[in-house]
Amino acid sequence: MAVTQRRSRRIMMSPAELDAFLTEQRTCRVATVSADGRPHVSPLWFVWDAGSLWLYSLTRSRRWAELRRDPRLAVVVDAGEEYGQLRGVELSGTAVFVGEAPRTGAPCPELAAPERLFARRHFGLDAMPHDGRHAWLRLTPDAIASWDFRKL
């Protein structure tokens, strides 16, 4: 994974800060490329596990269709209200489809950890509730840029 920041290294998050930030946040904005080349951005819940961002997306969504056609994506996770509190991360790379689509709960060892984390964080459950409408995407970023204005 490449750190793409040339400027503002002073406010860049360390690997430990980046990991902690992505572990505590819930919502990201996912940018995909439409068939006509226009960007499409949509919010989505996620979990961060073992250096990958795991996204649980509706399989009948515009986002899913766009990623099936062109798996490139960028994701922004940010927080803060006041200027001096702003912090965030931009991750980019290629989406990988993991498990069955839509997900019905068939055994998939690769999904054990992200599903456990996602179920606890977003549903307060010990096991993932599968609705037959969603499926998993994994983004292991090729590039990351981060900022934490609290360091100024």
Side-chain angles (χ1 to χ4, degrees), residues 1-98 103 110-129 131 133-152:
M1 156 178 46
V3 175
T4 61
Q5 289 178 243
R6 292 187 223 352
R7 298 170 28 199
S8 302
R9 286 194 179 269
R10 189 173 69 161
I11 61 171
M12 184 174 78
M13 292 183 194
S14 70
E17 291 168 332
L18 182 90
D19 192 55
F21 178 74
L22 290 172
T23 299
E24 72 187 28
Q25 298 302 311
R26 298 173 57 101
T27 306
C28 65
R29 286 175 243 351
V30 178
T32 56
V33 182
S34 298
D36 65 2
R38 292 180 193 211
H40 171 242
V41 180
S42 58
L44 196 61
W45 280 348
F46 73 93
V47 291
W48 175 252
D49 183 53
S52 291
L53 197 73
W54 292 87
L55 306 161
Y56 197 54
S57 176
L58 285 165
T59 59
R60 296 187 75 158
S61 66
R62 177 176 169 186
R63 169 184 47 251
W64 189 269
E66 289 171 350
L67 289 170
R68 277 285 185 210
R69 188 186 45 73
D70 181 346
R72 295 175 300 162
L73 76 158
V75 175
V76 170
V77 181
D78 60 344
E81 297 294 323
E82 303 296 325
Y83 181 82
Q85 300 170 341
L86 298 177
R87 57 193 175 128
V89 180
E90 178 189 10
L91 309 103
S92 60
T94 303
V96 174
F97 298 85
V98 181
R103 182 90 172 113
E110 190 176 7
L111 291 175
E115 285 191 341
R116 184 182 65 254
L117 291 168
F118 198 93
R120 286 183 185 154
R121 165 162 292 184
H122 298 292
F123 302 122
L125 302 171
D126 291 328
M128 190 71 185
D131 63 6
R133 299 180 326 141
H134 290 80
W136 286 100
L137 301 164
R138 182 184 68 229
L139 170 62
T140 303
D142 295 330
I144 293 179
S146 64
W147 59 94
D148 185 345
F149 286 15
R150 299 173 307 171
K151 294 181 176 186
L152 293 175

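Counting from 1, the numbers follow the sequence of the chain as shown.
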**Prompt:** Roughly how far, to the nearest 0.5 Å, is CZ of F118 from CZ of R26?
**Reply:** 8.5 Å

**Item:** By side chain to side chain donor-acceptor pair (under 3.5 Å) - contacts of R38 (at least two apart)
**Value:** D36

**Message:** Suppose the criterion is ring-ring contact (aromatic ring centres under 6.0 Å, His included): which pairs have a residue in residues 15-44, not counting sequence neighbours?
**Reply:** none

**Item:** R121 (side chain) donor-acceptor with F46 (main chain) under 3.5 angstrom
**Value:** no

**Asked** Are any of the side-chain heavy atoms of L73 and R63 separated by less than 4.5 Å?
**Response** no

**Least distance between heavy atoms, W54 atom then D49 atom** = NE1-O, 3.7 Å

**Message:** If you compare all heavy atoms of G51 against all heavy atoms of P141, which two are closest, and at what distance to 0.1 Å?
**Reply:** O-CD, 3.5 Å

**Request:** Using atom types as modelled and distance alone, determine if a side-chain donor or acceptor of K151 lies under 3.5 Å from a backbone N or O of R10.
**Result:** no

**Item:** Exercise: identify the closest heavy-atom pair between W48 and D19
**Value:** NE1-OD1, 2.6 Å

**Request:** May I ask you to decide if the ring planes of Y56 and H134 are parallel, tilted or perpendicular, using 30° and 60° as cut-offs?
**Result:** parallel

**Request:** Please report the C-alpha distance between R60 and R133 in whole Å, then the side-chain angles of each, then the deciding distance to 0.1 Å, and finally whether the side chain to side chain contact (heavy atoms under 4.5 Å, CB included) criterion is met.
**Result:** CA-CA 7 Å; R60 296 187 75 158; R133 299 180 326 141; over 6 Å; no

**Prompt:** Any sub-3.5 Å donor-acceptor pair from S146's side-chain atoms to M13's backbone N or O?
**Reply:** yes

**Message:** I'd like to check the salt bridge (charged side-chain N to carboxylate O under 4.0 Å, His left out) partners of D148; sequence neighbours left out, ordered by chain and number.
**Reply:** R150

**Item:** Test log, rule side chain to side chain contact (heavy atoms under 4.5 Å, CB included), inputs F123 and M128
**Value:** CA-CA 8 Å; F123 302 122; M128 190 71 185; 3.9 Å; yes

**Message:** So which atom in G80 and which in L86 form the shortest heavy-atom distance, rounded to 0.1 Å?
**Reply:** O-CD2, 3.6 Å

**Message:** Among residues at least two apart in sequence or on other chains, which ones pass side chain to side chain donor-acceptor pair (under 3.5 Å) with R72?
**Reply:** D70

**Residues E115 and R103 bridged, charged N to O under 4.0 Å** = yes

**Minimum side-chain heavy-atom gap L137-V30 below 4.5 Å** = no

**Request:** Could you check if a side-chain atom of R87 sits within less than 4.5 angstrom of a side-chain atom of D78, using non-hydrogen atoms only?
**Result:** no

**Request:** Please determine, by modelled atom types, if S34 and R62 share a side-chain donor-acceptor pair under 3.5 angstrom.
**Result:** yes

**Item:** Spacing of CD1 belonging to I11 relative to CH2 belonging to W147, to within rounding of 0.5 Å
**Value:** 9.0 Å

**Message:** Test your reading of the model: is there a side-chain donor-acceptor pair from T27 to the backbone of W45, 3.5 Å cut-off?
**Reply:** no

**Fill in**
dist L55:CG -> S42:OG (nearest 0.5 Å) comes out at 9.5 Å

**Prompt:** What's the spacing between D131 CG and L58 CG if we round to 0.5 Å?
**Reply:** 7.5 Å

Check: residues 89-98 side-chain donor-acceptor pairs under 3.5 Å, at least two apart:
none

**Request:** Over all heavy atoms of both residues, which pair between R116 and D126 is shortest? Give the atoms and the distance, please.
**Result:** CG-O, 4.4 Å

**Fill in**
Here the pair of heavy atoms bringing W136 nearest to P114 is CH2-O, 4.1 Å

**Item:** For R138, all residues meeting salt bridge (charged side-chain N to carboxylate O under 4.0 Å, His left out), sequence neighbours excluded
**Value:** E110

